[in-house]
Undergrad: 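The structure's right below; bear with me while I get my questions together.
Within every chain, numbering begins at 1; the chains are lettered A, B, ... in the order of the sequence lines, protein sequences first and strands thereafter.
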2 protein chains.
Amino acid sequence: MPLENIPDIVVGRLPRYLRTLTYLESQGKTVVSSQELGDDLGISAAQIRKDLSMFGEFGKQGTGYDIAFLRKQLRKILKVNRTWDVAVVGVGDIGSALARYQGFAHRGFQVRLLFDNNPSKIGHSISGITIQSIDEMETALKEAGIQIAMLAVPIQAAQEITDRLVEAGVKAILNYAPINISVPPHVHVQYIDPAIHLQHMTYYLESPED
Amino acid sequence: MPLENIPDIVVGRLPRYLRTLTYLESQGKTVVSSQELGDDLGISAAQIRKDLSMFGEFGKQGTGYDIAFLRKQLRKILKVNRTWDVAVVGVGDIGSALARYQGFAHRGFQVRLLFDNNPSKIGHSISGITIQSIDEMETALKEAGIQIAMLAVPIQAAQEITDRLVEAGVKAILNYAPINISVPPHVHVQYIDPAIHLQHMTYYLESPED
DNA sequence: TAGATTGTTAATCGATTAACAATC
DNA sequence: TAGATTGTTAATCGATTAACAATC
């Protein structure tokens, strides 16, 4: 029974389901049970069934889920049954790696625009995309109708650039700058900060100094 | 009243508190209330107080928290009041960016070893660290006593390399390969996959095709 | 058919929030 | 002192799990 208001924590698991299904399909599997999928993901079978049931009835009793079918449904639900153009702002080490990353294409994203404020970088290309001046950012974003940006600028610039992205119509920001950014309610932000994850894990490690 | 068993979800918030405190300190602030900290982080004041109270009494009624003091306590709790040596496995675009990333040093981590299986990369250096053959990985990890690895190899290699990392004594893995890896219970894994975050956000975007 | 597995409900579990006495 | 804010308890809220009828 599809609901209208799905908890964000459920939405956040869907991309993981999709990724695992894609992997299973690449391994030649065609059908999977909630139990198997859960084992792969470290999630309970009940939770997977409950999550999916919020969007429809995708499985078959006695059999499980048809992988190709469920993938298709999830891609539709997540709106990645199309390709989203993405901009990368800040073409340092992280920005360049994002521009070159081969993993986006199969998952619904294509890096289209690159921006940097360093004159020595402007005009150069990465993966066939010319780096533009950040002065042209708003114009270029609007012209390309881009809704998604990956932010890889220094901390001090992060909030100002964020404000400009929002002003240019960006609705989703993946922020690599290790700082919280403020955005209006209609704009979505996700954070990637490796040090946060490392520090989460060191809590559990034994430190000689203890 | 410090407890022995802290929920992992609480532990996961501590690095974010620490990061924000460091930022506030860099802005010249010396004291912060749970309310202000919460506003910055998008977390309720009550939750911050509750989380911190699991580890001790760090604040002062009527005043709030001394930033320098609370930072020190959190660094100790997270065991980043020291520097952890880290290995990067797979020196492609992501691995190189990690090797060059300046953001680790201040937060308790130093990249010490780099491994790749591509002969054309072995022997070359990044940030003063020589890339070693992956054949030497176990030996080098053990010799350096490294407990933390960042994994940036292709999907097909991820599980095999993981097994070898575990065998070599690694206890914490930050996995950039877009696949779930299996590890024994004593090994911690965190995942970074930008496409997962992007797909989480596209759920909420309006797609023309809808 | 018998066995397996879904979708869903109810029960449990855990996390967040509200409220306030204590106190700086 | 008066005002502010902590640490903590109890209440609320939400998420996960267990269980099972339905059914492929």
Undergrad: Heavy atoms within less than 4.0 Å of DNA chain D: which residues of residues 19-50 of chain A have one? Give them sorted by number.
TA: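 Those residues are S44(A), A46(A), Q47(A), R49(A), K50(A).
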Undergrad: If only atom types and distance count, is the side chain of K171(A) paired as donor or acceptor with the main-chain N or O of G169(A) below 3.5 Å?
TA: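 Yes; judged by distance alone, with no hydrogens or angles, the pair exists.
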Undergrad: Within 45° of the ring axis of Y65(B) and under 6.0 Å from its six-membered ring centre, is that where the NZ or CZ of K60(B) lies?
TA: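 Geometry flag: not set, cation outside 6.0 Å or 45°.
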Undergrad: Separation of I9(B) atom CD1 from dG14(D) atom C1', in whole Å?
TA: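 Checked: the CD1 to C1' distance equals 12 Å.
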Undergrad: Applying side chain to side chain donor-acceptor pair (under 3.5 Å), can you list everything that pairs with N118(A), at least two apart in sequence or on another chain?
TA: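 With neighbours one apart ignored, the set is S120(A).
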Undergrad: I need the CG-P distance between D8(B) and dA15(D), as an integer number of Å.
TA: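 D8(B) atom CG is separated from dA15(D) atom P by 18 Å.
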Undergrad: Sequence neighbours excluded, which residues qualify as side chain to side chain donor-acceptor pair (under 3.5 Å) partners of Q73(A)?
TA: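 Here no residue qualifies.
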Undergrad: Which comes earlier along DNA chain D counting from the 5' end, the contact point of K60(A) or that of G59(B), where each point is its nearest nucleotide?
TA: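 Result: G59(B).
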Undergrad: Using atom CG of D51(A) as one end and atom P of dT6(C) as the other, report the distance to the nearest whole Å.
TA: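 So the two atoms are 13 Å apart, to the nearest Å.
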Undergrad: Show me the donor-acceptor pairs within less than 3.5 Å that the side chains of residues 185-195 of chain A make with the rest of the protein, sequence neighbours left out.
TA:
{"unit_1": "Q190(A)", "atom_1": "OE1", "unit_2": "H197(B)", "atom_2": "ND1", "d": "2.7"}
{"unit_1": "Y191(A)", "atom_1": "OH", "unit_2": "I181(A)", "atom_2": "N", "d": "3.0"}
{"unit_1": "Y191(A)", "atom_1": "OH", "unit_2": "I181(A)", "atom_2": "O", "d": "3.4"}
{"unit_1": "D193(A)", "atom_1": "OD1", "unit_2": "A195(A)", "atom_2": "N", "d": "3.1"}
{"unit_1": "D193(A)", "atom_1": "OD1", "unit_2": "R107(B)", "atom_2": "NH1", "d": "3.1"}
{"unit_1": "D193(A)", "atom_1": "OD2", "unit_2": "R19(B)", "atom_2": "NH1", "d": "2.8"}
{"unit_1": "D193(A)", "atom_1": "OD2", "unit_2": "R107(B)", "atom_2": "NH1", "d": "3.0"}
{"unit_1": "D193(A)", "atom_1": "OD2", "unit_2": "R107(B)", "atom_2": "NH2", "d": "3.0"}

Undergrad: Donor-acceptor pairs are to be reported for all side-chain atoms of residues 38-45 of chain B against protein atoms at under 3.5 Å, with residues two or more places apart or in another chain.
TA:
{"unit_1": "D39(B)", "atom_1": "OD1", "unit_2": "Q35(B)", "atom_2": "NE2", "d": "3.1"}
{"unit_1": "S44(B)", "atom_1": "OG", "unit_2": "Q47(B)", "atom_2": "N", "d": "3.1"}

Undergrad: Whole Å only: how far is the CD1 atom of I6(B) from the P atom of dG14(C)?
TA: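 Rounded to whole Å, this separation is 15 Å.
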Undergrad: Just to be sure I follow the notation: if a pair is Watson-Crick (purine N1 to pyrimidine N3 plus N6-O4 or O6-N4) or a G-U wobble (N1-O2 and O6-N3), each under 3.5 Å, what dot-bracket string does DNA chain D give, with | for pairs to another strand?
TA: ..||||||||||||||||||||||
Undergrad: If the condition is side chain to side chain donor-acceptor pair (under 3.5 Å), which residues does K29(A) pass it with, not counting sequence neighbours?
TA: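 K29(A): side chain to side chain donor-acceptor pair (under 3.5 Å) contacts with E36(A).
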Undergrad: Which pairs count as salt bridge (charged side-chain N to carboxylate O under 4.0 Å, His left out) when at least one residue sits in residues 144-167 of chain A, sequence neighbours excluded?
TA: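 Sorted pair list: E138(A)-R164(A), K142(A)-E167(A), E160(A)-R164(A).
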Undergrad: Considering residues at least two apart in sequence or located in another chain, which fulfil the side chain to side chain donor-acceptor pair (under 3.5 Å) criterion with Y23(A)?
TA: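 None.
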Undergrad: Tell me the interatomic distance from L52(A), atom CG, to dT6(C), atom P, rounded to whole angstroms.
TA: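 Rounded to the whole Å, the gap is 10 Å.
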Undergrad: Among all residues two or more places apart in sequence or in another chain, which pass the side chain to side chain contact (heavy atoms under 4.5 Å, CB included) test with E25(B)?
TA: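 Applying side chain to side chain contact (heavy atoms under 4.5 Å, CB included) to E25(B) gives I67(B), A68(B), R71(B).
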Undergrad: Identify, residue by residue, the members of residues 61-70 of chain B with a heavy atom below 4.0 Å from DNA chain C, and return them in order of residue number, or none.
TA: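 Heavy-atom contacts with DNA chain C come from Q61(B), G62(B).
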Undergrad: For Y101(B), enumerate each residue passing the ring-ring contact (aromatic ring centres under 6.0 Å, His included) test, keeping only those at least two apart in sequence or located in another chain.
TA: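 Testing Y101(B) for ring-ring contact (aromatic ring centres under 6.0 Å, His included), a comparison that skips the adjacent residues, returns F104(B).
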